[in-house]
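Structure, as structure tokens:
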Amino acid sequence: MDLSNSSPVITDPLAISQPLLGGLPSNLMQFSVMPGGYSSSGMNVSVSRLKIEEALVNGLLDAMKSSSPRRRLNVAFGQDNSADEDPAYSAWMAKCPSALTSFKQIVAGAQGKKIAVFLDYDGTLSPIVDDPDKAVMSPVMRASVRNVAKYFPTAIVSGRSRNKVFEFVKLKELYYAGSHGMDIMASSANYEHNAEKCKQASLFQPASEFLPMIDEVTESLLQVVSGIDGATVENNKFCVSVHYRNVAEEDWETVARLVNEVLEAFPRLKVTNGRMVLEVRPVIDWDKGKAVEFLLQSLGLDDSENVIPIYIGDDRTDEDAFKVLRQRNCGYGILVSQVPKETQAFYSLRDPSEVMEFLNFLVRWKKHLM
Ligand SMILES: O=P(O)(O)OC[C@H]1O[C@H](O[C@H]2O[C@H](CO)[C@@H](O)[C@H](O)[C@H]2O)[C@H](O)[C@@H](O)[C@@H]1O
């Protein structure tokens with residue numbers, strides 16, 4: 001496989017010189033470090049440095065608070081149907097309609113073309129749970145994904161390490177991109193049991209030089225958050241997750257501050273945020289969107305006239321993939337969400353059970369055509 005055009009280059013020199021925490025709020029941009037050590041307002045370096053740190057922590061904290069809005073539960077009926085009553089959700093659905101009710105429209109343009117399916121894992125194939133180690137996939141969901149893979153090239157694109165996500169999904173017939181696309185196996189994950197497949201397996205790890213650094217930062221993060229009740233650290237091979245789902249909200253600022261402090265010693269790493277998780281990753285020009293492009297190319301599915309990629313995901317990191325599909329003007333991003341969100345996706349699904357229904361629809365549609 002020709003990887004010559006896929007080499008990620010380090011971007012955003014500002015992010016290299018200071019750990020950017022998912023972008024500063026625009027009103028704080030004036031505190032960005034300017035060459036020469038002075039902020040744009042000309043303040044003394046140490047004063048502005050302090051303000052930068054404060055701004056970074058505050059920016060991160062804002063992002064943490066808005067990262068996973070919780071829905072009200074309809075306790076009387078033991079179910080969450082509050083979205084149905086929510087005018088903001090209805091207005092959002094008009095812009096980002098259900099992929100189930102729009103199914104005919106989605107497949108209308110697919111006759112005679114090839115569909116490729118890309119699936120995020122957490123929150124898409126498995127429901128969000130408090131303990132990341134218990135985010136198992138149900139047997140019925142596994143059966144649906146297995147069926148989809150019989151008819152369409154199917155890949156899992158996850159923030160988890162590739163091995164971990166394979167342990168959950170357990171399907172050899174899929175392609176896997178772990179660590180937010182920084183660890184791609186464009187062949188069977190079971191390559192070690194199959195000599196023939198082994199020859200064909202191609203591994204792409206654009207952040208391999210960061211491995212020792214990721215282990216080092218994991219150690220530091222483990223140490224600093226060990227005193228915070230509920231905070232956990234997950235090494236995802238080329239990136240690290242700091243979970244705060246089980247941390248009391250009054251301690252979130254401490255988490256943000258500690259992570260920021262650790263990252264000061266690692267200027268080639270940055271932080272982004274997902275659903276109640278801070279994700280520490282290398283400052284390289286590589287994300288889930290690039291991984292989708294890479295997979296399309298390496299699987300010979302790069303013909304945008306004849307291939308329709310469908311990407312389903314629930315998280316901010318999935319937006320990079322939605323954006324790529326929009327820019328290529330081919331295929332569809334589908335956001336899994338029960339709350340209105342700013343998104344580059346074309347369609348939406350509420351939760352993993354609707355994802356499963358959509359996957360079953362795809363299989364039925366394909367069988368009907370054959
Ligand atoms: O790209 P993904 O497959 O969606 O992975 C993103 C992160 O998912 C996991 O965390 C999320 O799910 C957990 C289990 O439901 C939940 O406890 C946590 O709050 C969520 O953020 C995973 O543990 C992370 O490492 C991934 O980065």
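Starting from 1, each residue takes its place in the sequence as its number. Whatever order the structure lists them in is the order used to number ligands and atoms, beginning at 1.
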**Study point:** Any donor-acceptor N or O pair under 3.5 Å, side chains Ser161, Asn163
**Key:** no
Point to revise | Lys/Arg N to Asp/Glu carboxylate O, Arg281 vs Asp287, below 4.0 Å | key: no
Practice item. Could you say whether the N/O atoms of Asp315 and ligand 1 ever approach to under 3.5 Å? Key: no
Check your understanding: Starting from atom 10 (O) of ligand 1, which protein heavy atom do you reach first, and at what distance in Å?
Key -> His243 CE1, 3.5 Å
Check your understanding: Nearest to atom 3 (O) of ligand 1, what protein heavy atom do you find, and at what distance?
Key -> Ser158 OG, 2.7 Å
**Study point:** Backbone or side-chain N or O of Val129 under 3.5 Å from ligand 1 N or O
**Key:** yes
Review point. Which bit of Ser241 is near ligand 1, meaning a heavy atom under 4.0 Å away: side chain, backbone, both or neither?
Key: side chain
Practice item. Give a yes or no on whether a salt bridge exists between Lys150 and Glu173, defined as a side-chain N under 4.0 angstrom from a carboxylate O. Key: no
Review point. Which residue from Arg281, Arg316, Glu279 reaches closest to atom 7 (C) of ligand 1 through any of its heavy atoms?
Key: Glu279
Revision key, fill the gap. closest protein heavy atom to atom 8 (O) of ligand 1 is Asp122 OD2, 3.0 Å
Review point. Are the side chains of Ser126 and Phe168 in touch, meaning some heavy atoms are under 4.5 Å apart?
Key: no
Revision key, fill the gap. Taking only non-hydrogen atoms of Tyr121 and a 4.0 Å limit, the atoms of ligand 1 in range are 3 (O)
Practice item. Using a 4.0 Å heavy-atom threshold (strictly under), name the region of Asp130 that reaches ligand 1: side chain, backbone, both or neither. Key: backbone
Review point. What protein heavy atom sits nearest atom 19 (O) of ligand 1, and how far off is it?
Key: Arg245 NE, 2.6 Å
Review point. Is the charged tip of Arg326 near the ring of Phe346: under 6.0 Å from the six-membered ring centre and within 45° of its axis?
Key: yes
**Study point:** More than 12 heavy atoms from other groups under 6.0 Å of CG on Asp131
**Key:** yes
Study note, to complete from the structure: Closest heavy-atom pair, Val157 versus Phe118, reported as atoms and distance to 0.1 Å, is CG2-CD2, 4.1 Å
Exercise for review: Flag Thr317 as yes when one of its N or O atoms lies below 3.5 Å from any N or O atom of ligand 1, and as no otherwise.
Suggested key: no
Check your understanding: Would you say the side chains of Thr317 and Glu279 form a donor-acceptor pair under 3.5 Å?
Key -> no
**Study point:** Contacting atoms of ligand 1, where contact means under 4.0 angstrom from a heavy atom of Val277
**Key:** 21 (O)
Point to revise | CD (Glu342) with more than 12 external heavy atoms under 6.0 Å | key: no
Review point. Less than 3.5 Å between some nitrogen or oxygen of Asp131 and one of ligand 1, yes or no?
Key: no
Practice item. Check each heavy atom of Lys134 against ligand 1 and say whether those closer than 4.0 Å belong to the side chain, the backbone, both or neither. Key: neither
Review point. Are Pro127 and ligand 1 in contact, using a heavy-atom cut-off of under 4.0 Å?
Key: yes
Point to revise | Under 3.5 Å: donor-acceptor pair, side chain of Tyr244, backbone of Met64 | key: yes
Practice item. Return a yes/no value for Gly159: is any of its N or O atoms, backbone included, closer than 3.5 angstrom to an N or O of ligand 1? Key: yes
Point to revise | Contact atoms of ligand 1, heavy-atom distance to Glu234 under 4.0 Å | key: 22 (C), 23 (O), 24 (C), 25 (O)
Review point. So which protein heavy atom does atom 2 (P) of ligand 1 come closest to, and at what separation?
Key: Asp120 OD1, 2.9 Å
**Study point:** Residue of the set Leu119, Ile115, Ile310, Leu359 for which side chain to side chain contact (heavy atoms under 4.5 Å, CB included) holds with Thr154
**Key:** Leu119
Check your understanding: To which protein heavy atom is atom 20 (C) of ligand 1 closest, and what is the distance rounded to 0.1 Å?
Key -> Arg275 O, 3.3 Å
Review point. Any donor-acceptor pair under 3.5 Å linking the side chain of Lys113 with the backbone of Glu305?
Key: yes
